[in-house]
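Comments concern the structure below.
Keep in mind that this is a model prediction, so the values were computed, not measured.
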Amino acid sequence: NRYHQQEYYLSQAVSFPLGGVCSLGVAADAMVNTMKTDQYFIVNPFRFTGLGSIVLRAKTKNTEASFGLLATMVNESSDNGQGTTSREALSPSLSFITRLSSTPVLRLRLMYRNSFRMPGFHDLYYNLVGNTGLKPEYVHQYNAGLILLKGLGPLQLNFQTDLFLN
């Protein structure tokens, strides 16, 4: 059983100040994945993934908030033309961080994200464990956390705790 996977990745990102406390970030990514195998019953898949995101951020001395939107487009095909699939998804996210106190520094952070993930080639095609019937994952993620920073002479105490819900 021989498998050979390759991935090519291209990424770019830029951020623009909008004046005052706001900024806008834009990013684009492109990925190409291929897999070849000597297994006669497994197709050799090819996947192109395009990602585009936009994030609006507002930041003051004590508070930061952001809203983001990630667009995902996936096209997958095989060398024999079978199993061609196309998927698109929009994934929003929100985050908020605020300072609750200054001495010691205590911050509260909150986050929500809707995530989309395609199964990997190993999940779909590897012999004995691959399952070509797998569907993409759609997950709602929630996070709440506290950050405590306290100076102790030359030392800095940094304590972080988070609660996750998926």
Side-chain angles (χ1 to χ4, degrees), residues 5-35 45-76 85-125 129 131 133-166:
Q5 282 188 251
Q6 290 187 320
E7 178 173 288
Y8 304 95
Y9 199 98
L10 180 65
S11 181
Q12 66 178 19
V14 66
S15 180
F16 304 99
L18 296 178
V21 299
C22 293
S23 64
L24 180 71
V26 179
D29 297 64
M31 291 170 278
V32 173
N33 299 86
T34 63
M35 184 178 85
F46 172 88
R47 180 183 289 173
F48 173 81
T49 304
L51 304 169
S53 70
I54 186 165
V55 176
L56 180 61
R57 176 172 288 134
K59 185 175 182 179
T60 66
K61 180 182 174 187
N62 294 321
T63 303
E64 181 178 337
S66 66
F67 170 75
L69 190 60
L70 173 65
T72 304
M73 187 262 317
V74 179
N75 285 314
E76 189 169 317
T85 60
S86 179
R87 304 268 189 197
E88 296 86 25
L90 285 176
S91 304
S93 65
L94 294 166
S95 68
F96 178 77
I97 301 172
T98 190
R99 183 183 295 205
L100 299 176
S101 73
S102 295
T103 308
V105 174
L106 181 63
R107 291 190 176 116
L108 169 70
R109 62 180 169 206
L110 303 169
M111 186 271 301
Y112 164 77
R113 176 177 292 145
N114 181 0
S115 295
F116 167 82
R117 186 184 84 82
M118 287 289 291
F121 284 169
H122 61 281
D123 300 324
L124 294 168
Y125 302 112
V129 296
N131 179 353
L134 290 176
K135 304 289 185 217
E137 293 178 285
Y138 296 89
V139 178
H140 295 281
Q141 300 171 307
Y142 302 90
N143 179 341
L146 289 172
I147 304 168
L148 174 67
L149 301 172
K150 174 78 173 158
L152 301 171
L155 300 176
Q156 176 80 16
L157 173 67
N158 182 344
F159 176 77
Q160 298 184 31
T161 185
D162 285 275
L163 178 66
F164 297 94
L165 177 65
N166 289 333

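Contact between Leu56 and Ser23 at its shortest, heavy atoms only, is CD1-O, 3.4 Å. Shown here for Val55 and Ser66, the closest heavy-atom pair between the two residues is CG1-CB, 4.1 Å. Between Pro119 and Pro136, the shortest heavy-atom contact is CD-CA, 4.0 Å. Across Tyr112 and Tyr142, no two heavy atoms sit closer than the pair CD1-CE2, 3.3 Å. Ala71 and Leu90 make their closest contact through CB-CD2, 3.7 Å (heavy atoms, listed as atom of the first residue, atom of the second, distance). The shortest heavy-atom contact between Ser86 and Asn75 is OG-OD1, 2.8 Å.
Of the inter-residue distances, the one linking Met35 atom CE with Arg47 atom CZ reads 10.0 Å to the nearest 0.5 angstrom. Taken to the nearest 0.5 Å, the CD atom of Gln160 stands 10.0 Å off from the CG atom of Leu148. How far CG of Leu108 is from CD1 of Ile147: 9.0 Å, rounded to the nearest 0.5 Å. In this structure, Leu149 CG and Thr103 OG1 are separated by 11.5 Å, a value rounded to the nearest 0.5 Å. Distance CZ/Arg117 to CD/Glu137: 4.5 Å, rounded to 0.5 Å. Interatomic distance, CG of Leu155 versus NZ of Lys150, reported as 12.5 Å (0.5 Å rounding).
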Problem set entry | Pair Arg87-Lys135, side chain to side chain contact (heavy atoms under 4.5 Å, CB included): steps then yes or no | CA-CA 10 Å; Arg87 304 268 189 197; Lys135 304 289 185 217; 4.1 Å; yes
For this session: Mind running side-chain hydrogen bond (donor to acceptor under 3.5 Å, both in side chains) on Ser11 and Asp29 for me, showing each step along the way?
Result: CA-CA 4 Å; Ser11 181; Asp29 297 64; 3.0 Å; yes
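Heavy-atom neighbours of Arg113 CZ from other residues, nucleotides or ligands within 6.0 Å: at or below the threshold of 12. More than 12 heavy atoms of other residues, nucleotides or ligands lie within 6.0 Å of CD in Gln156, so this atom counts as buried by the packing criterion.
Between the side chains of Gln6 and Tyr8, at least one donor-acceptor pair of N or O atoms lies under 3.5 Å.
Contact check for Pro45 versus Glu76: side-chain heavy atoms found under the 4.5 Å cut-off. No side-chain heavy atom of Lys59 sits less than 4.5 Å from a side-chain heavy atom of Val21.
For the side-chain contact (heavy atoms from CB on, under 4.5 Å) criterion with Thr49, the lone passing option out of Met118, Met31, Glu7 is Met31.
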